[in-house]
Protein chains: 2
Amino acid sequence: MNRSERGWRRPQSYHHGNLKEVLLEAARKLIEQYGPTGFSLTEAARLAGVSPAAPYRHFRDREALLAEVARAGFERFAARLDMAWNNGVPTPLTAFENLGRAYLAFAREEPASYTVMFETGLRPGTEGETIPAAERAFDILQKAAAALCRQLPESERPPVKLMSLHLWAISHGVATLFAQGGLAAGKAPLKSEEILESAVLIYLQGLGILPGGNETPKSI
Amino acid sequence: MNRSERGWRRPQSYHHGNLKEVLLEAARKLIEQYGPTGFSLTEAARLAGVSPAAPYRHFRDREALLAEVARAGFERFAARLDMAWNNGVPTPLTAFENLGRAYLAFAREEPASYTVMFETGLRPGTEGETIPAAERAFDILQKAAAALCRQLPESERPPVKLMSLHLWAISHGVATLFAQGGLAAGKAPLKSEEILESAVLIYLQGLGILPGGNETPKSI
DNA sequence: GGCTTGATGTAAAAGCCCTTCACATGAATC
DNA sequence: GATTCATGTGAAGGGCTTTTACATCAAGCC
């Protein structure tokens, strides 16, 4: 039974007790507000109420903290995609739509995480690293693509891996350009969800997974 | 007739004469090497052989220099896309393929420019600004989309604007994920050009602009 | 030519940030 | 109760950004 489990407020304790998590949260908040360039270790420490040197007990340097923001972000990202996909229930197609919406929702609700996760320029020298949660996230996409493919006769199925890359690229493109405060966020006449959904619709028609490959979709 | 027009090497002149351009070039080089975060005004000045204060005669601050890198980048980007599209000659389809390749080529050859142009987090507070060259670049895409649409009977044509957004998102997604040193640059089994081309192929089949909407493309 | 003027570069300094090092604190263990 | 180890502090070095007063030079004007 530790102290915070009852209402007991620790008065100015020397040791913070939860600094690592608090720093990560502060980092996300600061990045969201000032951009990844504006984020400063010192200010994160200030928000957490500790000295500028304290973060170095938990992260090798500023970049390591950013990398951890990315890693934790991928963790939540994968969990969220998994939840949305829900093993293809009730149908692969509706589950897949949920997946797309979950992707955009994450990018919009955690712009700081998404930015640090995918903007390569921010964490140079991270090229070789492989983040397990990121692999898991992609695997979910791949499982979804495979499930959709199974609706086609075996001879007509596209390579699942390539199909996943396509869908990932579309989702990522829409997320960065239209869902976050991107270049064209205001310029587009539609919500990013509608853009993604219509693009995927057309793409799946092109594969023959959805009917109507030769007509304009009426609903756009 | 100024001095540099003959082979005359200005020895240690007090005034640089071409500082603005040299600083922009240095910035691109540094960003390419160390990422946008690693770029420092002071070091760009060092590369140009001037004092750390000199850049402030040409740019309001560090961010303004980055904004100019982006603006000039869009300028070259638009020029390059325009050249590749070549007014739809010889055929809209082949011209469109050239357009896609030009898009990826730019992202790969000028990664620093592309990053600063599209990574929103790097220049916060730039949301409202409208960059003419960026509009021109998008217009080219839109013209290309319109030309492709014209191959369809009028009643089956999709909304051109939406179609352009789709194509932009796909291109941008592929460029950032697979063409630059992105997350999955090594993971993908194919070159980014092949990924983009196959995705667009399927997408156009979905619209009925290309035949084969209900079969697996054999060539992938 | 000599003077003025404006553009462009310098030097110095203030302020912030990152990072390290020696030291302080306190919770847990023996 | 003493020790130990993780965690936080304070101070300091070095780099970056930005400002300010001053230096240099090209161009125009008499």
Side-chain angles (χ1 to χ4, degrees), chain A residues 1-6 8-24 26-27 29-31 33-69 116 122-125, chain B residues 1-6 8-24 26-27 29-31 33-69 116 122-125:
Chain A
M1 171 172 7
N2 75 44
R3 305 179 299 192
S4 58
E5 274 172 353
R6 340 188 224 164
W8 206 77
R9 294 264 330 99
R10 166 175 20 90
Q12 292 283 63
S13 114
Y14 190 89
H15 288 300
H16 188 292
N18 195 24
L19 185 53
K20 189 167 183 177
E21 272 313 313
V22 171
L23 283 174
L24 290 171
K29 196 168 306 182
L30 288 172
I31 294 171
Q33 192 162 7
Y34 305 112
T37 315
F39 157 72
S40 109
L41 253 199
T42 300
E43 184 143 11
R46 222 175 350 243
L47 278 190
V50 296
S51 80
Y56 290 84
R57 295 297 173 192
H58 300 275
F59 305 98
R60 195 167 33 71
D61 55 15
R62 185 194 132 105
E63 204 188 293
L65 189 151
L66 254 40
E68 177 59 19
V69 168
V116 178
L122 299 179
R123 299 174 296 120
Chain B
M1 169 170 15
N2 74 44
R3 306 178 300 193
S4 57
E5 274 172 353
R6 340 187 225 163
W8 204 76
R9 290 297 287 119
R10 168 176 19 93
Q12 291 284 63
S13 115
Y14 189 89
H15 288 301
H16 187 290
N18 195 25
L19 186 52
K20 189 168 181 177
E21 272 312 313
V22 172
L23 283 174
L24 289 171
K29 195 169 306 180
L30 288 172
I31 293 170
Q33 192 161 8
Y34 305 112
T37 315
F39 156 72
S40 109
L41 256 198
T42 299
E43 184 143 15
R46 225 176 348 245
L47 278 190
V50 295
S51 79
Y56 290 85
R57 294 297 172 195
H58 301 273
F59 305 97
R60 195 166 35 72
D61 54 15
R62 186 194 131 107
E63 204 187 293
L65 190 151
L66 254 40
E68 176 59 20
V69 168
V116 179
L122 297 180
R123 300 174 296 119

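Each chain gets a letter, A, B and so on, in the order the sequences are listed, and its residues count up from 1. Please read all numbers here as calculations on a predicted model, not as lab measurements.
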Subject >> Any B:R57 side-chain N or O less than 4.0 Å from OP1/OP2 of D:dT18 >> reply: no

Original post:
Atom CG of A:L30 and atom CG of A:L41: how far apart are they, to the nearest 0.5 Å?
Top reply: 10.0 Å

Subject >> Least distance between heavy atoms, A:P55 atom then A:A45 atom >> reply: CG-CB, 3.9 Å

**OP:** Pick base, sugar-phosphate or nothing for B:S40, based on heavy-atom distances below 4.0 Å to the nucleic acid.
**Re:** sugar-phosphate

Original post:
Between C:dC18 atom C1' and A:R62 atom CZ, what is the distance in whole Å?
Top reply: 9 Å

**OP:** Rounded to the nearest angstrom, tell me the gap between atom CG in A:N18 and atom P in D:dT7.
**Re:** 12 Å

**OP:** Please report, rounded to the nearest Å, how far the P atom of C:dA14 is from the OH atom of B:Y56.
**Re:** 17 Å

Original post:
Hey, is the side chain of A:H58 poking within less than 4.0 Å of OP1 or OP2 on D:dA6, counting only N and O atoms?
Top reply: no

Original post:
Expressed in angstrom and rounded to an integer, what is the separation of B:E21 atom CD from C:dT8 atom P?
Top reply: 14 Å

**OP:** Rounded to the nearest 0.5 Å, what's the gap from CG on A:L19 to NE2 on A:H58? Could you check?
**Re:** 4.0 Å

Subject >> Phosphate-side-chain proximity, B:S51 and C:dA11, N/O vs OP1/OP2 below 4.0 Å >> reply: no

**OP:** Would you mind reading off the distance between A:F59 atom CZ and C:dC18 atom P, rounded to a whole angstrom?
**Re:** 14 Å

**OP:** Would you give the length of the straight line joining atom CG of A:L65 to atom OH of A:Y56, rounded to the nearest 0.5 angstrom?
**Re:** 9.5 Å

**OP:** Can you tell me the distance, in whole Å, between the CZ atom of A:R60 and the C1' atom of C:dT20?
**Re:** 14 Å

